[in-house]
> 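Dropping the structure in here first, questions after.
Please read these numbers as outputs of a predicted model, since none were measured by experiment.
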There are 2 protein chains.
Amino acid sequence: MKEDKLPTIKEIAKQLNVSVSTVSRALHNHPSIGLRTKMRVQQLAQQLDYEPNQAAIFFKQRKTSTIGVVLPNLKEEFFSEAINGIEEIATKHKYNVLISQSRDDTERERMIVATMKNNRVDGLIVSLGANTTTYDHFTALKKYGIPVVFFDRVPSLPDFNKVYSNMNSGTREAIEFLIAKGHRRIGVLNGPEQMRSSQERTDTYMQVLVKRRLKIDLGLVTSTDLTREGTLKAMGHLLSQRPKPTAILAINDYIALDAMQYARQQKLRINKDICFVSYANLSITTYLQTPPMASVEQYPYRQGSEAAEILMELLSKTDHDGLPPEPETFRNVVINGQLVIHSKR
Amino acid sequence: MKEDKLPTIKEIAKQLNVSVSTVSRALHNHPSIGLRTKMRVQQLAQQLDYEPNQAAIFFKQRKTSTIGVVLPNLKEEFFSEAINGIEEIATKHKYNVLISQSRDDTERERMIVATMKNNRVDGLIVSLGANTTTYDHFTALKKYGIPVVFFDRVPSLPDFNKVYSNMNSGTREAIEFLIAKGHRRIGVLNGPEQMRSSQERTDTYMQVLVKRRLKIDLGLVTSTDLTREGTLKAMGHLLSQRPKPTAILAINDYIALDAMQYARQQKLRINKDICFVSYANLSITTYLQTPPMASVEQYPYRQGSEAAEILMELLSKTDHDGLPPEPETFRNVVINGQLVIHSKR
DNA sequence: TGGCGATACGCAAACGGTTGCGGGAAAACA
DNA sequence: TGTTTTCCCGCAACCGTTTGCGTATCGCCA
């Protein structure tokens, strides 16, 4: 009972005195198999609890029905929510999902991509590590026909498939919101400069200020490396500006939380002496007594599911390889972030 | 350049005019291959960027070097932290990790286990869905020699490998802590009754009260199905008791957060009119202005890594199958939870 | 009765790598 | 120089499934 080897197609063939090919076809409802034998095969298969050996199939078909997901970390609700979207679509298309965390370490990221390649994942969905600035480990995959779709943290190069939330509209809304509340000195707590989103955020910030004819003070634009220490240091810088900023736009809710904590330590009253607006709109903020005044919702689930959808499409194309070498077109889906207001004050 | 098929061992063999077996052995540093050819092979392999086709190896070796992880959801920091522990150990042993979420849905859980079996994962690490009361989908795996290790939410049956944090010591500490603070009416916001931990928690609660000669009021012991609605309802019940409880022991931090929000709506002041103590000690609580007074740390990372370690051990045994049918012994690792005090008051 | 087209099934190769076994050639010994 | 040993390497089977192609059987019509 213990060493009950899994039943194979051969087993069935032997017991029924037919060939393996007949069994295989019978199980696939191939038209050239007689109804009688088809029934017999299917019945015995059921009875033996036969399940095809996926490993063998993967090997034979040269595809694993597995997609890899590489992202900075699962701890952030944004990413775990995105995973849900990915999983949803993937399972619908009968794909497995291999997840791995880069922890914002480019070296790890390279390793992960390499092992995923060796494991022959059919495709990849990636959100870049914060410090990743080179993409050769991804371009290398093209040679092997492994499609890659980026989401959220996407490379700034054009020749990649991407799904992301553009910062422009959300940021514009956010700044306008703050201005309408009377704020004139608005600080920006940005991410690392190599991140596409950071640049967009800064750009939009400038644009709005210019449009509203407000003074631009570059001392009010800082960046954090996303570590807690980096955030505190950046906050120290912001709060040392004179006059102090009365509002701060933070790259995401986690960073905003660190920043708020710092501000509180400096005896500033949140949403009174200083207001926060951030991105992501995580559920944890609803538990705070003083949440950020507003968040730009980034729709992680949608980003994940759209990325997965695109990947599925790409995979279905490379399936029947034989088509003319298409002129390589890249998908570029932009999801507009939207401001969600938490606190009226 | 596009349809650059991945180089195979055959390719190398052909180019070097040796047999595939020689190449295979050369790459594995087999002693029976001459130094000269070994060098030539390895060099060419490097030059061609040869990487063995894992799918083929999996198939041949009848093991996939992949372990499956099934847990309720990744959103809870407890689980994503546990994943980190699992990943750490797994990659150290060159295993891949396939993650899937049951979302506390037993049916989904069954499905996942089934597909993981078909995908021939070598072993499984599982944290049960909240409503799972039958374990036949896991016992079925034994027949096929697929080891399973449970963690955190473990079945109450003895014949499984488990790693979990026992509630006794942590709960005792927690209740004693509250009693020392002067609380006499302590409510319990427990999980579903079928969860092992819920029972342990209630038992210990009773024991301590008895020992301290405090009155036991069963109206103060409730349970939630872990949904937000369930929690609010349970809280409604607790707060309708007379006299009101002055402290509440909640099954985990998320539930505590929901509960605290409810209490606040009832115009109760947290940590003043009513105190909370919970389990897990998540990092998000550090951002709260009024966190639970204390949390019982559950060491998710350790639970994950220990579970993975055990699984690795089990896998290394079944590797060289041929040993006498051992008398099936099950590992049972208990990690003592420890009370962490957040708020002095 | 010979020929023809379906119908239903078997043969065998292929996917890429591993491994037991056997054997040829060179080296060492008598 | 003949024999034995040692060192290298090739042959071939195997893992489970899919699939192109060949073929036996049968019915049917001329």
> Hey, is the side chain of A:Ser24 poking within less than 4.0 Å of OP1 or OP2 on D:dT18, counting only N and O atoms?
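Yes, because at least one side-chain N or O of A:Ser24 sits under 4.0 Å from OP1 or OP2 of D:dT18.
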> Can you tell me the distance, in whole Å, between the CD1 atom of A:Ile9 and the P atom of D:dC14?
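In whole Å, D:dC14 P and A:Ile9 CD1 are 18 Å from each other.
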> Look up atom CD in B:Glu87 and atom OG in A:Ser100, then write down how far apart they are to the nearest 0.5 Å.
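Separation between the atoms: 4.5 Å.
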> Is there a side-chain polar atom (N or O) of A:Thr22 under 4.0 Å from OP1 or OP2 of C:dC9?
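No.
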> Would you call A:Glu109 and A:Arg103 a salt bridge, using N to O less than 4.0 angstrom?
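A:Arg103 and A:Glu109: not salt-bridged.
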> Between A:Val113, A:Leu311, A:Ile67, which is the residue that forms a side-chain contact (heavy atoms from CB on, under 4.5 Å) with A:Leu124?
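Result: among A:Val113, A:Leu311, A:Ile67, A:Val113 is the only option passing the side-chain contact (heavy atoms from CB on, under 4.5 Å) with A:Leu124.
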> Which part of the nucleic acid, if any, lies within contact of B:Thr8, taking any heavy atom under 4.0 Å across all strands shown: a base, the sugar-phosphate backbone alone, or nothing?
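Sugar-phosphate contact only - B:Thr8 comes under 4.0 Å of backbone atoms but never of a base.
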> Take the protein atom CD of B:Glu11 and the nucleotide atom P of C:dG17, then report the distance between them rounded to whole Å.
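Atom-to-atom, B:Glu11 to C:dG17, this comes out as 11 Å.
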> What contact category does B:Val18 fall into here, base, sugar-phosphate, or nothing, at under 4.0 angstrom with non-hydrogen atoms?
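Sugar-phosphate: the residue B:Val18, judged by heavy atoms under 4.0 Å, touches backbone atoms but no base.
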> Determine yes or no for a side-chain-to-main-chain donor-acceptor pair under 3.5 angstrom, with B:Ser24 supplying the side chain and B:Val20 the backbone.
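Not a single qualifying donor-acceptor pair exists.
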> Is the distance from OP1 or OP2 of C:dG16 to the nearest side-chain N or O of A:Arg62 less than 4.0 Å?
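Answer yes for this pair, as a side-chain N or O of A:Arg62 is under 4.0 Å from OP1 or OP2.
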> Determine, answering yes or no, if B:Phe59 is stacked on D:dC15 under the 5.5 Å centre rule and the 30° plane rule.
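It does: the ring sits over the base of D:dC15.
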> Below 3.5 Å, does any donor atom in the side chain of B:Arg25 face an acceptor in the base of D:dG10, or the other way round?
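Side chain to base: pair present.
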> Would one find a side-chain N or O of A:Ser21 under 4.0 angstrom from OP1 or OP2 of C:dA12?
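Answer is no, no contact under 4.0 Å.
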> Under 4.0 Å between any heavy atoms, over every strand shown, what does A:Tyr50 touch: base, sugar-phosphate, or nothing? Just pick one.
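A:Tyr50: backbone/sugar contact only, no base atoms under 4.0 Å.
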> Distance check needed: C:dG10 P versus A:Lys14 NZ, whole Å only.
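Roughly 16 Å, once rounded to whole Å.
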> Strictly below 4.0 Å: does A:Lys10 bring a side-chain N or O up to OP1 or OP2 of D:dC15?
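It does, given that an N or O in the side chain of A:Lys10 lies less than 4.0 Å from OP1 or OP2 of D:dC15.
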> What integer distance in Å separates B:Lys60:NZ from D:dT17:C1'?
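Distance, rounded to whole Å: 16 Å.
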> For the pair made of CZ in B:Arg36 and C1' in D:dC8, what is the distance, rounded to whole Å?
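To the nearest whole Å, that distance equals 13 Å.
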> Report the distance from atom CD of B:Gln61 to atom C1' of C:dG16, rounded to the nearest whole Å.
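Whole-Å distance recorded here is 12 Å.
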> In this structure, how many angstroms lie between the P atom of D:dT17 and the CG atom of A:Asn53, rounded?
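Distance check: A:Asn53 CG to D:dT17 P gives 6 Å.
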> Round to the nearest Å and state the distance from B:Leu35 atom CG to D:dC8 atom P.
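Checked: the CG to P distance equals 9 Å.
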> Is the charged tip of A:Lys75 near the ring of B:Phe79: under 6.0 Å from the six-membered ring centre and within 45° of its axis?
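Because its charged atom misses either the 6.0 Å distance or the 45° angle limit, A:Lys75 does not stack over B:Phe79.
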